[in-house]
Colleague: 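My questions all concern the structure below.
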Amino acid sequence: MPMIALAPYQHLEEDMQSLKQVLEMKNQQIHLQEKKILELEKLVEKNIILEEKIQVLQQQNEDLKARIDQNTVVTRQLSEENANLQEYVEKETQEKKRLSRTNEELLWKLQTGDPTSPIKLSPTSPVYRGSSSGPSSPARVGTTPR
């Protein structure tokens with residue numbers, strides 16, 4: 001009868017070997033999961049750093065957009081000012097030409113002794129002596145003084 005009493009323990013060594021294999025497999029799974037957890041933690045850290053960088057870049061982007069907007073306004077203002085200055089220069093050039101024509105016409109009238117001129121030049125006058133080539137021709141004088 002002693003064998004009958006030991007019967008339930010007959011497969012005990014096989015069961016222990018089987019349990020050891022199951023335990024080893026579970027330990028390997030746990031080790032792999034721990035590795036994955038470490039990798040995920042590293043990824044989380046990288047994500048946090050990247051999110052901070054994204055925030056910095058977004059702020060820089062906003063700053064650059066504001067600078068672009070400001071530069072656009074300044075460029076518009078400078079363009080308007082440039083156009084106004086060009087218009088002013090054109091008007092000044094036209095006025096200078098008109099005054100030059102008027103001056104030539106008046107000099108011609110003075111030198112030719114135009115009876116409608118209120119001023120007569122004497123031969124000793126500096127204006128009269130200054131024109132060594134003789135009196136200006138009427139062709140150089142504008143026909144419509146302003």
Colleague: In Å and rounded to the nearest 0.5 Å, what is the CD to NZ distance from Gln21 to Lys26?
Modeller: 14.0 Å
Colleague: Is the backbone of Thr75 close enough, under 3.5 Å, to the side chain of Ser79 for a donor and an acceptor to pair up by distance?
Modeller: yes
Colleague: Under a plain distance cut-off of 3.5 Å, with no hydrogens placed, do Glu80 and Asn84 share a side-chain donor-acceptor pair?
Modeller: no
Colleague: Enter the distance from Glu24:CD to Lys20:NZ here, rounded to the nearest 0.5 Å.
Modeller: 10.0 Å
Colleague: Answer yes if the side chains of Gln86 and Glu90 hold a donor-acceptor pair under 3.5 Å, and no otherwise.
Modeller: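 Checked: Gln86/Glu90 side chains show no N/O donor-acceptor pair below 3.5 Å.
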Colleague: Identify the residue among Glu104, Glu105, Lys97 that makes a side-chain contact (heavy atoms from CB on, under 4.5 Å) with Arg101.
Modeller: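 It is Lys97, the one option of Glu104, Glu105, Lys97 that forms the side-chain contact (heavy atoms from CB on, under 4.5 Å) with Arg101.
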Colleague: Looking at residues at least two apart in the chain, or sitting in another chain, which of them share a side chain to side chain contact (heavy atoms under 4.5 Å, CB included) with Ile37?
Modeller: Glu41
Colleague: Under the criterion side-chain contact (heavy atoms from CB on, under 4.5 Å), which of Glu87, Glu95, Gln94 is the partner of Lys91?
Modeller: Glu87
Colleague: Indicate yes or no: at least one non-hydrogen side-chain atom of Asn103 is less than 4.5 angstrom from one of Leu99.
Modeller: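 They are not in contact (no side-chain heavy atoms under 4.5 Å apart), so the answer is no.
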Colleague: What pairs with Gln55 under side-chain hydrogen bond (donor to acceptor under 3.5 Å, both in side chains), at least two apart in sequence or on another chain?
Modeller: none
Colleague: Give a yes or no on whether Glu92 atom CD has more than 12 heavy-atom contacts from other residues, nucleotides or ligands under 6.0 Å away.
Modeller: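 Correct, the count exceeds 12.
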Colleague: Could you walk me through whether Lys42 and Glu45 pass the salt bridge (Lys or Arg N to Asp or Glu O under 4.0 Å) check?
Modeller: CA-CA 5 Å; Lys42 287 180 184 178; Glu45 287 176 20; over 6 Å; no
Colleague: What I want to find out is whether Lys35 reaches Glu39 closely enough, with some N-O distance under 4.0 Å, to be called a salt bridge.
Modeller: no
Colleague: Just how far is it from atom CD of Glu34 to atom CG of Asn27, taken to the nearest 0.5 Å?
Modeller: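 So the CD of Glu34 and the CG of Asn27 are separated by 9.5 Å.
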Colleague: Within this structure, what is the CG-CD distance for the pair Leu64 and Gln59, rounded to the nearest 0.5 Å?
Modeller: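 The CD atom of Gln59 is 10.0 Å from CG of Leu64, to the nearest 0.5 Å.
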Colleague: Could you grab the distance from atom CD1 of Ile49 to atom NZ of Lys53, nearest 0.5 Å is fine?
Modeller: 7.0 Å
Colleague: CG/Asn71 to CZ/Arg76 distance, rounded to the nearest 0.5 angstrom?
Modeller: 11.5 Å
